[in-house]
Structure formats: C-alpha cells, structure tokens
Undergrad: 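Here it is, the structure in full.
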Amino acid sequence: MKSVLLIGLGRFGRHIAGKLDEFHHEVMAVDVQEDRVNAVLPYVTNAQIGDSTNKEFLESLGVRNYDVCIVAIGDNFQASLETTSLLKELGAVLVVSRAARDVHAKFLLRNGADEVVYPEKQLATWTAIRYTADHILDYVELDKNHAIFEIMIPKKWVGKTVGQLDIRNSHNINIMAFKHNGEMDMNIKSDTFIPVDGDNTMLVLGTIQDIQKCFHI
C-alpha cells in the first residue's frame, strides 16, 4: 500500500481515485472545486478543497510524506505547471504529471515532473492499434518501441510447440504467456504446446513493426 497525493479531480483524476481505492492505497485528494472533492469522498482517505498553486497550501499537505504525487489537472496547464514545480521544490519524492500536448510534456519534465502521462495520446495509440488489427486484442506500451500484446493465436500454430514456431529468432518476438479461458499460464518453455481448445490467446513481447510482420496485420 502506498500513500498518494492526487491533485486535480476532473474525469481523469476521478478515474485514478477509483482505481487507487480498488488497490487499497491511501489517497489525499485535492481540487479547487468543492463539488469535485465531494464526488471522490467515497474513494479516498482524505480530501481537501484548495489551490495547488499556493505554496503555503501545498506545504501544509506535507508533500514529502507521500510516495507519489499525481498532478491530474487537465483544464489549466499553467496551474499544472506551477503545481508540478512547487511539488518538486517542496521535496516531493515522485511527481507524475498529466500532459495534454507534446509541448506540455516537455515543459512539465523541465519543471519538476519525474514522469509524464499523456492519456489522450496513449489512448489514441491504443485505439488505432486495437481496432485496425484483427489479431490484437489489447496491448500495454513499455517504451516508445516495445509493448506487450494480447494476440489471437493463428490457427496454423495450434498443436505446435513454442520451439517449433521459433518466432523469437525469426521475428524477434517473445511469447510470454498463454491465456486459456481467462486463466494465465506463464510457464512457457520451448516444448510448450500451443493450446488447442477453448478461448485461447497469448501475450507476446515485441515491437508493433515485428508484430505486424509476424501476424500479417
């Protein structure tokens, strides 16, 4: 369990609050609007109404004591930038800030953000890949080049072993797990057979380019 300072309770911030609650983290939620604060009260440990660009207010929250400070402000970049800078100035351990544009990300990283999340861009990439590739069901980006993809198993692979396919050498793709009727099998060896029956998919690690070549997407 971690302690989280969540600043900005618009739609993005509220979704974060809900997920943090599911994972049983301690959350202090902050927003300048009372209605937004009230909306997340069921999901957070504590909440305060306040202006995060006010140094004295932020200091009163004890930002050094949180494992991570998330700046989820999306409708006021100036406020996001000032909040990010103040958090780092006050000794925040880890500052993660939301960006809406590439230029925002650059400024945030230069002014105190340790990490930047770019939900619109990330979701756009996910949508473009997910709904234009018949075989890809989901994916998690690891860096700008690599991702873990959930892939439908090609029929011609069924019954063969991982070693026989040899896609690691032929396509630079690693099979990480098989998913059989919702159950994950991560004990993958060269003599592991590709599942035959049921609702089967697999998790593979690679680049989108290699995935496209391998599965002819």
Side-chain angles (χ1 to χ4, degrees), residues 1-55 57-58 60-63 65-88 90 92-132 136-144 147-150:
M1 181 175 67
K2 292 192 174 184
S3 58
V4 180
L5 174 60
L6 175 60
I7 300 174
L9 302 175
R11 283 175 294 180
F12 182 58
R14 289 196 298 273
H15 283 302
I16 293 175
K19 283 298 176 183
L20 290 172
D21 178 54
E22 286 182 26
F23 300 146
H24 307 294
H25 295 301
E26 292 184 348
V27 181
M28 165 65 83
V30 174
D31 197 282
V32 71
Q33 295 186 28
E34 182 178 0
D35 59 330
R36 290 182 173 184
V37 172
N38 290 335
V40 301
L41 286 177
Y43 311 107
V44 300
T45 311
N46 291 293
Q48 287 198 33
I49 304 165
D51 180 2
S52 61
T53 66
N54 183 292
K55 185 176 182 179
F57 172 70
L58 271 190
S60 72
L61 298 175
V63 299
N65 300 319
Y66 295 96
D67 294 307
V68 57
C69 298
I70 301 175
V71 183
I73 301 170
D75 53 359
N76 187 334
F77 177 65
Q78 183 65 33
S80 176
L81 187 63
E82 290 182 25
T83 300
T84 298
S85 180
L86 283 173
L87 285 170
K88 187 53 68 174
L90 292 171
V93 176
L94 175 63
V95 180
V96 179
S97 299
R98 175 187 181 178
R101 298 166 55 188
D102 290 336
V103 66
H104 291 175
K106 292 178 181 178
F107 275 108
L108 289 166
L109 289 169
R110 289 175 184 172
N111 288 274
D114 297 294
E115 300 284 346
V116 168
V117 292
Y118 199 155
E120 289 86 359
K121 184 176 182 179
Q122 290 161 341
L123 183 57
T125 303
W126 183 91
T127 303
I129 292 174
R130 169 64 182 87
Y131 293 104
T132 60
I136 296 177
L137 302 178
D138 201 357
Y139 98 110
V140 177
E141 186 177 285
L142 302 179
D143 60 27
K144 64 179 180 180
I148 297 173
F149 298 82
E150 183 177 357

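Side-chain atoms are counted along with the backbone in the values below, which use heavy atoms only and exclude waters and symmetry mates. Residues take their numbers from the sequence shown, with the count starting at 1.
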Undergrad: Taking all heavy atoms of Leu90 and all of Leu58, pick out the closest pair and write down the distance.
TA: CD1-CB, 3.7 Å
Undergrad: In Å, rounded to the nearest 0.5 Å, how long is the span from OG of Ser85 to NZ of Lys55?
TA: 9.5 Å
Undergrad: Provide the full list of ring-ring contact (aromatic ring centres under 6.0 Å, His included) pairs with a residue in residues 92-116, sequence neighbours left out, each pair given once.
TA: Phe77-His104
Undergrad: Taking Arg14 for the side chain and Leu9 for the main chain, is one N or O donor matched with an acceptor at less than 3.5 Å?
TA: yes
Undergrad: Checking Leu5 against Val63 for the side-chain contact (heavy atoms from CB on, under 4.5 Å) test, could you report, in this order, the C-alpha distance in whole Å, the side-chain angles of both residues, the deciding distance, and whether it holds?
TA: CA-CA 7 Å; Leu5 174 60; Val63 299; 3.8 Å; yes
Undergrad: Tell me, please, which residues at least two apart from Arg36 pass salt bridge (Lys or Arg N to Asp or Glu O under 4.0 Å).
TA: Asp31, Asp75
Undergrad: So, for Leu6 and Ala72, which heavy atoms are closest and what is the spacing to 0.1 Å?
TA: CD1-CB, 4.1 Å
Undergrad: What is the distance from atom CE of Met1 to atom NE2 of His24, rounded to the nearest 0.5 Å?
TA: 10.5 Å
Undergrad: Identify the heavy atoms of Tyr66 and Leu61 that sit nearest to each other, and give their distance.
TA: CE1-O, 3.3 Å
Undergrad: Any pair with a residue in residues 37-46 that passes salt bridge (charged side-chain N to carboxylate O under 4.0 Å, His left out), sequence neighbours left out, goes on the list, sorted by first then second residue, please.
TA: none
Undergrad: For residues Pro119 and Ala99, report the shortest heavy-atom separation together with the two atoms involved.
TA: CD-O, 3.8 Å
Undergrad: Which distance, rounded to the nearest 0.5 Å, do you find between the CG of Asp114 and the OG1 of Thr84?
TA: 10.0 Å
Undergrad: Enter the distance from Ile7:CD1 to Thr53:OG1 here, rounded to the nearest 0.5 Å.
TA: 10.5 Å
Undergrad: How far does OH of Tyr43 sit from CD of Glu22, to the nearest 0.5 angstrom?
TA: 9.5 Å
Undergrad: Check the pair Lys2 / Val68 against side-chain contact (heavy atoms from CB on, under 4.5 Å), numbers first and verdict last.
TA: CA-CA 8 Å; Lys2 292 192 174 184; Val68 57; 5.5 Å; no
Undergrad: Side chains of Leu108 and Leu81, heavy atoms from C-beta outward: is any pair under 4.5 Å?
TA: yes
Undergrad: Please check this pair: side chain of Thr45 against backbone of Met28, looking for a donor-acceptor N/O pair closer than 3.5 Å.
TA: no
Undergrad: Between Gly112 and Lys88, which heavy-atom pair has the shortest distance, and what is it?
TA: O-CE, 3.2 Å
Undergrad: Please say whether more than 12 non-hydrogen atoms of neighbouring residues, nucleotides or ligands are located less than 6.0 Å from CD in Gln33.
TA: yes
Undergrad: Nearest 0.5 Å please: distance from the CG atom of Leu87 over to the OG atom of Ser52.
TA: 7.5 Å
Undergrad: Taking atom OH of Tyr118 as the centre, report whether more than 12 heavy atoms of other residues, nucleotides or ligands fall under 6.0 Å from it.
TA: yes
Undergrad: Work out which heavy atom in Asn76 is nearest to a heavy atom in Ala79; give both atom names and the distance.
TA: OD1-N, 3.0 Å
